[in-house]
J.: 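One structure coming up, written as structure tokens, with questions to follow.
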2 protein chains.
Amino acid sequence: MTKKIKIKKEIIETPRLMVDIVLFKVIDNTLKLLLIRRGVKPFKNMWALPGGHVDKNEALEKAAFRELEEETGVKNIYLEQLYTFGDPYRDPRGRAISVAYFALGESGQKFHLKSATDAAEVDWFSVKKLPRLAFDHKKIINYALKRLCWKLEYTNIARNLLPKLFTLSELQKTYEVVLGKKIDKRNFRKKIVALNLIKPIKKQKKNVAYRPPQLWTFVAGKNLILDKRELIF
Amino acid sequence: MTKKIKIKKEIIETPRLMVDIVLFKVIDNTLKLLLIRRGVKPFKNMWALPGGHVDKNEALEKAAFRELEEETGVKNIYLEQLYTFGDPYRDPRGRAISVAYFALGESGQKFHLKSATDAAEVDWFSVKKLPRLAFDHKKIINYALKRLCWKLEYTNIARNLLPKLFTLSELQKTYEVVLGKKIDKRNFRKKIVALNLIKPIKKQKKNVAYRPPQLWTFVAGKNLILDKRELIF
DNA sequence: GCAAAAGTGTTCACGGTACACCCATGA
DNA sequence: TCATGGGTGTACCGTGAACACTTTTGC
């Protein structure tokens with residue numbers, strides 16, 4: 001070890017700080033998330049969440065965006081902080097805490113997945129068929145899944161899972177896939193429309209071999225919490 | 001091997017990791033929180049949240065308990081993680097991120113407040129009359145207040161603000177003080193009792209100059225999320 | 001005309017809210 | 001007997017859930 005390290009150690013012995021990102025996306029009517037295959041030790045060749053170290057003067061969120069793009073090529077997504085995992089033994093290399101981020105990609109959006117030195121492979125996995133995961137990433141994912149389900153029901157976060165224009169059936173399908181349950185079509189439409197979060201646009205979807213559906217778009221340009229739960233964030 | 005050392009070197013360039021604690025308690029029918037007057041620079045003599053550095057191999061929650069006790073003498077409280085604040089310029093000494101914790105003390109509980117070298121003074125402040133605060137602590141407190149209001153309505157977290165035995169009026173008062181609004185007595189009782197979270201015990205409160213009230217206690221030994229919101233955590 | 005998804009209303013149960021009076025005790 | 005907080009019930013409204021048929025298009 002160099003002298004520099006020694007000095008730093010004396011000043012403040014602080015844990016390493018990292019970010020990990022759980023990126024969800026609905027693909028083929030399935031809720032999927034993005035994983036990388038680790039190209040380096042520890043857990044080499046095992047699947048893990050994209051993530052890495054926070055730079056000395058880098059905002060946490062920026063580190064999350066950067067690591068995601070470096071390791072997977074993904075950018076332009078919705079991102080919010082999830083929870084900070086700090087178990088002293090969660091990383092075999094030594095103490096490291098991870099600020100986990102929760103991210104959503106638009107259903108239609110094409111990502112140009114690319115791998116990197118430390119991410120030998122990148123791929124989408126159904127949340128129902130996850131491989132064994134490195135570190136405590138399984139725990140982080142479970143937490144993210146709960147957050148996603150909750151936010152879908154009590155916020156307009158679905159906007160980040162859908163393209164600008166969509167049909168009510170597509171919206172409903174998104175809810176069903178994420179929540180893992182069937183929803184009554186009439187009740188769903190009534191409720192969603194009553195919330196005034198989406199509005200119909202003049203166009204209809206064309207060239208479908210059945211009655212052309214109305215296209216809708218989200219009204220507000222930002223993410224909202226519905227009713228009293230505005231208190232949460 | 002050389003490579004390994006190189007990685008270590010990079011890792012050392014990590015932000016400092018700290019914890020801050022927002023401890024709430026109801027005193028004299030007012031929602032208060034615990035602050036320290038800083039005994040050291042920066043922000044010397046200014047009021048701030050209790051908190052400090054996380055030790056190299058210390059769990060985050062443990063660091064929060066430790067710092068709180070060291071700086072204020074307070075122990076045996078309810079604690080949960082709130083949010084991680086990581087703005088690069090939040091600390092004038094240089095990059096530091098803070099994992100904020102949210103804590104609750106029992107209304108009757110006596111704390112032996114004591115000051116320390118870095119906490120020259122310790123005191124409770126009404127959330128409505130807070131002094132100017134060091135760092136971004138005002139922001140952290142606002143966030144904690146929202147979390148508290150929300151959790152009070154959708155979880156049984158009130159258990160941590162009250163002593164083992166309490167009257168329904170005391171419970172209602174706690175809700176009113178935290179939420180900052182009057183609640184109808186009959187509706188409150190109906191709702192609370194219907195939730196089956198509390199049960200009456202045989203004893204009544206004695207030596208009061210009016211009809212002696214029934215004493216109640218929380219049923220479950222742990223903290224719960226009510227109804228569908230079990231999804232959140 | 002048929003396949004395929006779009007679109008549409010009513011009924012019922014339950015939880016939230018508004019609202020006012022009598023009760024038990026100590027002084 | 002009075003002052004003080006304790007304790008109780010009913011009526012109304014809005015939201016959530018259950019449930020089935022007609023419509024519009026492309027082929």
Side-chain angles (χ1 to χ4, degrees), chain A residues 28-29 107 149-150 152-156 162 165-177 179-217 225-231, chain B residues 28-29 107 149-150 152-156 162 165-177 179-217 225-231:
Chain A
D28 300 333
N29 285 335
S107 188
C149 288
W150 179 78
L152 201 67
E153 295 199 278
Y154 299 112
T155 77
N156 69 344
L162 289 154
L165 301 180
F166 51 88
T167 69
L168 283 187
S169 292
E170 286 163 356
L171 183 60
Q172 179 174 344
K173 198 73 200 172
T174 301
Y175 273 77
E176 289 179 341
V177 162
L179 300 177
K181 65 178 185 194
K182 280 279 175 195
I183 303 174
D184 179 83
K185 186 162 50 160
R186 282 162 295 186
N187 292 336
F188 180 78
R189 283 165 188 241
K190 232 182 311 170
K191 189 173 162 183
I192 286 286
V193 171
L195 288 172
N196 280 322
L197 294 176
I198 60 173
K199 64 180 178 199
I201 63 159
K202 291 190 191 73
K203 279 185 288 185
Q204 286 182 328
K205 198 168 189 174
K206 299 299 286 180
N207 300 322
V208 284
Y210 46 85
R211 177 171 176 175
Q214 178 61 244
L215 285 171
W216 298 71
T217 190
I225 311 271
L226 312 180
D227 91 280
K228 288 184 203 162
R229 296 172 195 82
E230 63 201 347
L231 291 167
Chain B
D28 300 333
N29 286 336
S107 188
C149 288
W150 179 79
L152 201 67
E153 295 199 278
Y154 299 112
T155 77
N156 69 345
L162 289 154
L165 301 181
F166 52 88
T167 69
L168 283 186
S169 291
E170 286 163 356
L171 183 60
Q172 179 173 346
K173 199 72 199 172
T174 300
Y175 274 77
E176 289 180 341
V177 162
L179 301 177
K181 66 177 184 193
K182 281 277 175 196
I183 303 173
D184 178 83
K185 187 163 48 160
R186 282 162 295 187
N187 292 337
F188 180 78
R189 285 165 187 241
K190 230 184 313 171
K191 189 173 161 184
I192 287 286
V193 171
L195 288 173
N196 281 321
L197 294 177
I198 60 172
K199 63 180 180 199
I201 62 159
K202 293 191 189 72
K203 279 186 286 184
Q204 287 182 327
K205 198 168 185 173
K206 300 301 285 180
N207 302 320
V208 284
Y210 47 84
R211 177 172 174 176
Q214 178 61 244
L215 285 171
W216 298 72
T217 190
I225 311 271
L226 312 180
D227 90 281
K228 290 183 202 161
R229 296 171 194 78
E230 62 201 347
L231 291 167

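As the structure is a prediction and not an experimental result, all values here were calculated from the model. The figures that follow rest on heavy atoms only: side chains count, while hydrogens, waters and symmetry mates do not.
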J.: Nearest to the side chain of B/Lys190, which nucleotide is it out of D/dT10, D/dG6, D/dT25?
T.: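 The closest nucleotide is D/dT10.
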
J.: Grab the CD-C1' distance between A/Glu153 and D/dA17 for me, whole Å please.
T.: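 Spelled out: CD on A/Glu153 to C1' on D/dA17 is 14 Å.
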
J.: Rounded to the Å, how far apart are A/Ile192 CD1 and D/dT15 P?
T.: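 Between P of D/dT15 and CD1 of A/Ile192: 15 Å.
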
J.: Can you figure out which of C/dA6, D/dG26, C/dG9 approaches the side chain of A/Ala209 most closely?
T.: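 For the A/Ala209 side chain, the nearest candidate turns out to be D/dG26.
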
J.: Whole angstrom is fine here: how far is it from NZ in B/Lys206 over to P in C/dA24?
T.: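 Result: 13 Å.
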
J.: Less than 4.5 Å apart, any side-chain heavy atom of A/Thr167 and any of A/Leu215?
T.: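 Yes, at least one pair of side-chain atoms sits under 4.5 Å.
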
J.: Taking the side chain of A/Tyr210 as heavy atoms from C-beta outward, which of D/dG9, C/dT25, C/dA6 is closest to it?
T.: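 Closest of the options to the side chain of A/Tyr210: C/dA6.
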
J.: To the nearest 0.5 angstrom, please state how far the CD atom of B/Glu176 sits from the CG atom of B/Leu171.
T.: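 Output value for this atom pair is 10.0 Å.
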
J.: Hey, are the side chains of A/Ser107 and A/Thr174 touching, using non-hydrogen atoms and a 4.5 Å cut-off?
T.: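 Of all side-chain heavy-atom pairs linking A/Thr174 with A/Ser107, none is under 4.5 Å.
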
J.: Which listed nucleotide (C/dG16, C/dG9, D/dG26) is nearest to the side chain of A/Arg186?
T.: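 The closest nucleotide is C/dG9.
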
J.: Counting only side-chain N and O atoms of B/Arg189, is one of them less than 4.0 Å from OP1 or OP2 of D/dG7?
T.: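 Yes, such a contact exists.
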
J.: Any idea which heavy atoms bring A/Lys205 and A/Pro212 closest together, and the distance?
T.: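 The answer is O-CB, 3.2 Å.
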
J.: In whole Å, what is the span from the CG atom of B/Leu171 to the P atom of D/dG7?
T.: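 Checked: the CG to P distance equals 12 Å.
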
J.: When you get a sec, tell me which of D/dA17, C/dG7, C/dT17 is the closest nucleotide to the side chain of A/Gln214?
T.: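 Shortest atom-to-atom distance from the side chain points to C/dG7.
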
J.: Could you please spell out the steps behind the side chain to side chain contact (heavy atoms under 4.5 Å, CB included) verdict for B/Gln214 and B/Ser169?
T.: CA-CA 10 Å; B/Gln214 178 61 244; B/Ser169 291; over 6 Å; no

J.: For B/Leu168 and D/dT8, what is the distance between atoms CG and C1' respectively, to the nearest whole Å?
T.: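 That distance rounds to 12 Å.
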
J.: Of the candidate nucleotides C/dA6, C/dA24, D/dA18, which contains the atom at the shortest distance from the side chain of A/Lys185?
T.: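 My answer, after comparing the listed nucleotides, is C/dA6.
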
J.: Rounded to the nearest angstrom, tell me the gap between atom CG in A/Asn187 and atom C1' in C/dT8.
T.: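 Result: 12 Å.
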
J.: Tell me the interatomic distance from A/Lys181, atom NZ, to D/dG16, atom C1', rounded to whole angstroms.
T.: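 In whole Å, D/dG16 C1' and A/Lys181 NZ are 11 Å from each other.
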
J.: C/dA5 phosphate, OP1 or OP2: any side-chain N/O from A/Ser169 under 4.0 angstrom?
T.: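 Checking A/Ser169 against C/dA5: no side-chain N or O falls below 4.0 Å of OP1 or OP2.
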
J.: Let me know the distance between OH of B/Tyr154 and P of C/dG15, rounded to the nearest Å.
T.: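 After rounding, the reported distance stands at 15 Å.
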
J.: Taking the nucleotide of DNA chain D with the nearest heavy atom to each, does A/Asp184 or A/Pro212 sit closer to the 5' end?
T.: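 The residue closer to the strand's 5' end, by nearest nucleotide, is A/Asp184.
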
J.: Counting only side-chain heavy atoms from C-beta out, which of C/dC19, D/dG6, D/dA18 sits nearest to B/Pro213?
T.: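 Selected nucleotide: D/dG6.
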
J.: Counting only side-chain heavy atoms from C-beta out, which of C/dC23, D/dT10, D/dA17 sits nearest to B/Arg211?
T.: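 Of C/dC23, D/dT10, D/dA17, C/dC23 is nearest to the side chain of B/Arg211.
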
